Amino acid sequence: MSNASVHTGRHFLQIPGPTNVPDRVLRAMDMPTIDHRGPEFAQLGLEVIEGSKKVFKTKNPVIIYPSSGTGAWEAAIVNTLSPGDKVLMVETGHFATLWRAMADKLKLDVEFVPGDWRHGASPEDIEARLSKDKAHSFKAVMVVHNETSTGVTSRIHEIRKAIDAAKHPALLMVDTISSLGSIDYEHDKWGVDVTVSCSQKGLMLPPGLGFNAVSDKALEASKKNASLRSYWDWHEIIAANKGGSWSYTPATNMLYGLKEAIAMLMEEGLDNVFARHKRYSAATRAAVETWGLENLCLDPREYSPILTAVVMPEGHDADQFRKVTLDNFDMSLGAGLSKIKGKVFRIGHLGHFNDLMLMGTLAGVEMALDLAKVPHRAGGVMSAMSVLTGRDAKASQAKTAVA
């Protein structure tokens with residue numbers, strides 16, 4: 001009988017989304033249904049719309065849909081682009097590939113830059129491709145900020161500079177589905193035209209809300225494009241939002257949760273939230289290095305603060321290892337997706353998460369590596385602990401002083 005069959009204590013949900021939902025958010029959602037056309041709801045609506053702008057770091061509209069992130073992807077496309085429009089997309093992983101597949105279904109002309117799933121989108125390559133496009137045939141550059149399948153984060157601010165350097169008018173559209181609320185992101189400052197996100201990652205909510213943050217340039221494009229849309233139409237929702245309502249029935253109780261989640265982020269302070277996630281990423285990487293395992297991400301500039309994808313040694317199956325972890329320790333780790341299925345497992349360290357939760361997670365991984373007979377060195381947990389307590393930094397300072 002496995003240890004997990006008794007189910008004592010809480011399940012460790014260490015996939016990179018959906019993430020753990022804080023009790024405060026669950027309690028906030030535990031409300032009677034109210035009139036979504038009444039004054040009480042209007043006040044809630046206005047609060048969450050304005051609060052969402054703080055998280056996206058924008059003064060422009062943020063449209064909130066009762067949808068998944070996939071719905072928010074579609075909303076971004078059909079509001080700005082027409083069938084036949086040419087777009088530049090980059091293969092950074094599974095979710096970039098899925099967004100490309102949607103673009104194909106919506107009859108866009110996609111130039112898909114091939115990638116190895118171990119690096120983010122190259123600003124230099126994007127600049128070179130746009131510089132050659134003298135006719136400005138590309139209508140948008142579409143990039144995933146944090147690729148959830150690989151643990152690789154693309155440098156969006158550098159991509160904006162690349163587009164500007166090429167003097168190209170293409171819209172910049174960015175998927176922040178797994179990064180918003182956990183990784184520093186500046187919609188306005190970085191010149192992003194459409195930012196796509198959803199509720200179940202850094203915003204610490206259950207699945208059910210999709211978001212589009214939009215620039216003035218994107219709003220202008222949405223008045224001219226030929227794509228058909230009704231449910232996704234920005235303008236009807238923005239018009240209704242002015243009074244705190246929606247043009248259709250919104251996810252009322254999810255919005256109560258969103259209000260509480262935003263309050264929690266603001267209480268901690270976004271900069272503190274981002275720093276916390278970087279600490280967890282550094283500690284996890286220290287554990288992986290000590291174990292003698294390989295990080296899927298190859299460029300230190302692109303290490304994801306919210307998850308670490310670990311490459312399994314040759315001859316060992318990541319899904320079998322994940323099963324051992326679940327059966328023995330009641331802990332879920334993220335699977336490898338599509339072409340890296342069985343080759344990697346993913347450790348999520350984002351959202352409502354603290355030092356002890358990370359230590360418990362890494363202890364579970366280290367014990368499972370032993371039980372699954374995966375070749376590794378012991379001591380990863382201690383290495384992570386040294387990062388969290390600052391012992392690594394203190395040791396480095398001491399060595400410098402002695403020298």
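From a predicted model like this one, the values you see are computed outputs, not experimental measurements.
Using cut-offs of 30° and 60° for the angle between ring planes, the His145 and Trp190 rings count as perpendicular.
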Using the side-chain hydrogen bond (donor to acceptor under 3.5 Å, both in side chains) rule, take Ser245 and His36 through it: C-alpha gap first, then chi angles, then the decisive distance, then the call. CA-CA 7 Å; Ser245 66; His36 62 286; over 6 Å; no
Taking it one step at a time, do Trp99 and Asp175 satisfy side-chain hydrogen bond (donor to acceptor under 3.5 Å, both in side chains)? CA-CA 9 Å; Trp99 203 10; Asp175 167 343; over 6 Å; no
Is there a side-chain hydrogen bond (donor to acceptor under 3.5 Å, both in side chains) between Trp234 and Asn212? Walk through the geometry before answering. CA-CA 9 Å; Trp234 288 343; Asn212 279 179; 3.0 Å; yes
Stepwise, does the salt bridge (Lys or Arg N to Asp or Glu O under 4.0 Å) test hold for Asp319 with Lys323? CA-CA 6 Å; Asp319 290 335; Lys323 184 178 185 302; over 6 Å; no
Residue pair Lys161, Glu158: steps toward the salt bridge (Lys or Arg N to Asp or Glu O under 4.0 Å) verdict: CA-CA 5 Å; Lys161 290 178 181 178; Glu158 293 185 28; over 6 Å; no
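Enclosure of atom NZ in Lys86 by more than 12 non-hydrogen atoms of other residues, nucleotides or ligands within 6.0 angstrom is indicated. Within a 6.0 Å radius of NZ in Lys278, no more than 12 heavy atoms belonging to other residues, nucleotides or ligands are found. Taking a 6.0 Å sphere around CD of Glu289, one finds it holds 12 or fewer heavy atoms contributed by other residues, nucleotides or ligands. Annotation: Lys189, atom NZ; neighbour count of heavy atoms from other residues, nucleotides and ligands within 6.0 Å does not exceed 12.
Ion pairing between Lys59 and Asp188 fails under the 4.0 Å rule for side-chain N and carboxylate O. Taking a cutoff of 4.0 Å between a charged side-chain nitrogen and a carboxylate oxygen, Arg279 and Asp355 qualify as a salt bridge. Taking the charged nitrogens against the carboxylate oxygens, Arg10 and Asp330 have no contact shorter than 4.0 Å, which rules out a salt bridge. Here Glu236 does not pair with Arg229 in a salt bridge; the nearest charged N to carboxylate O distance is not below 4.0 Å.
When atom types are taken as modelled, the side chain of Asn225 and the backbone of Val78 share a donor-acceptor pair closer than 3.5 angstrom. Within the 3.5 Å criterion, the main-chain N or O of Ala75 finds a donor-acceptor partner in the side chain of Asn79. The closest donor-acceptor contact from the side chain of Lys217 to the backbone of Pro169 lies under 3.5 Å. Listed for the Thr19 side chain is a donor-acceptor partner under 3.5 Å among the backbone atoms of Lys201. Under a 3.5 Å cut-off, the side chain of Glu366 and the backbone N or O of Val381 do form a donor-acceptor pair. Judged by distance alone, the side chain of Ser68 and the main-chain N or O of Thr70 form a donor-acceptor pair under 3.5 Å. Between the side chain of Asp85 and the backbone N or O of Leu108 there is no donor-acceptor pair closer than 3.5 Å. The main-chain N or O of Leu333 is found under 3.5 Å from a side-chain atom of Arg322 such that the two form a donor-acceptor pair. A distance-only check finds no donor-acceptor pair linking the side chain of Arg346 to the backbone of Thr308 [under 3.5 Å]. In this structure, the side chain of His277 engages the main chain of Val273 through a donor-acceptor pair within 3.5 Å.
Distance check, rounded to the nearest 0.5 Å: CD1 of Ile64 to CE of Met254 gives 10.5 Å. From Gln14, atom CD reaches atom CG of Leu326 across 12.5 Å, with rounding to the nearest 0.5 Å. From Thr153, atom OG1 reaches atom CD1 of Ile306 across 7.0 Å, with rounding to the nearest 0.5 Å. Here the CG-CE distance, from Asn253 to Met29, works out to 6.5 Å after rounding to the nearest 0.5 Å. With rounding to the nearest 0.5 Å, the separation of OG in Ser281 from CG in Leu350 is 11.0 Å.
Aromatic rings from Phe329 and Phe12 are positioned such that their centres are separated by 6.0 Å or more. Aromatic rings of Tyr65 and Trp246 (six-membered ring for Trp) have centroids beyond the 6.0 Å cut-off, not under it. Close placement of the Tyr248 and Tyr231 rings is indicated, their centers lying within 6.0 Å of each other.
In summary, of the residues considered (Phe274, Phe353, Tyr303), a ring pair (Phe, Tyr, Trp, His ring centres under 6.0 Å) with Tyr280 occurs for Phe353 alone.
Counting all heavy atoms, side chain and backbone alike, Glu147 lies closest to Ala96 at OE1-N, 3.1 Å. Between Ala213 and Val62, the shortest heavy-atom contact is CB-CG2, 4.0 Å. Taking all atoms of both residues into account, the shortest heavy-atom contact from Ala166 to Ser131 is CB-OG, 3.5 Å. The two residues Ala121 and Thr92 have their closest heavy-atom pair at N-CG2, 3.6 Å. For the residue pair Thr290 and Ser383, the shortest heavy atom distance occurs at OG1-OG, 2.6 Å. Taking each heavy atom of Gly120 and Ser154 in turn, the nearest pair found is CA-OG, 3.4 Å.
Looking at heavy atoms from C-beta onward, Tyr185 lies out of side-chain contact with Ser197 at the 4.5 angstrom threshold. The closest side-chain heavy-atom distance from Leu171 to Val194 is not below 4.5 Å. Side-chain contact check for Leu219 versus His235: some heavy-atom pair is nearer than 4.5 Å. Within the 4.5 Å cutoff, the side chain of Val311 has no heavy atoms near those of the Leu293 side chain. Side chains of Phe41 and Thr33 form no contact here, defined as non-hydrogen atoms less than 4.5 Å apart. Looking at Leu106 and Glu74, their side chains come closer than 4.5 Å, going by heavy atoms from C-beta outward.
Side-chain polar atoms of Ser332 and His11 form a donor-acceptor pair below 3.5 angstrom. Counting only N and O atoms by type, the side chains of Glu91 and Trp117 include a donor and acceptor under 3.5 Å apart. With no hydrogens or angles considered, no side-chain donor-acceptor pair links Asn146 and Ser179 at under 3.5 Å.
Scanning for salt bridge (charged side-chain N to carboxylate O under 4.0 Å, His left out) contacts around Asp299 gives Arg301, with sequence neighbours left out. Shown here are the ring pair (Phe, Tyr, Trp, His ring centres under 6.0 Å) partners of His94, two or more places apart in sequence or in another chain: there are none. Partners of His316 according to the side-chain contact (heavy atoms from CB on, under 4.5 Å) rule, which considers only residues two or more places apart in sequence or in another chain, are Met312, Pro313, Val374, Pro375. Qualifying side-chain contact (heavy atoms from CB on, under 4.5 Å) partners for Val152, counting only residues two or more places apart in sequence or in other chains: Thr150, Cys297, Glu302.
The side chain to side chain donor-acceptor pair (under 3.5 Å) contacts involving residues 134-143 comprise Asp133-Ser137, where partners must be two or more places apart or lie in separate chains. Judged as a salt bridge (charged side-chain N to carboxylate O under 4.0 Å, His left out), the pairs with a partner in residues 258-268 (not counting sequence neighbours) are, in order, Arg24-Glu260, Arg24-Glu267, Glu47-Lys259, Glu268-Arg276.
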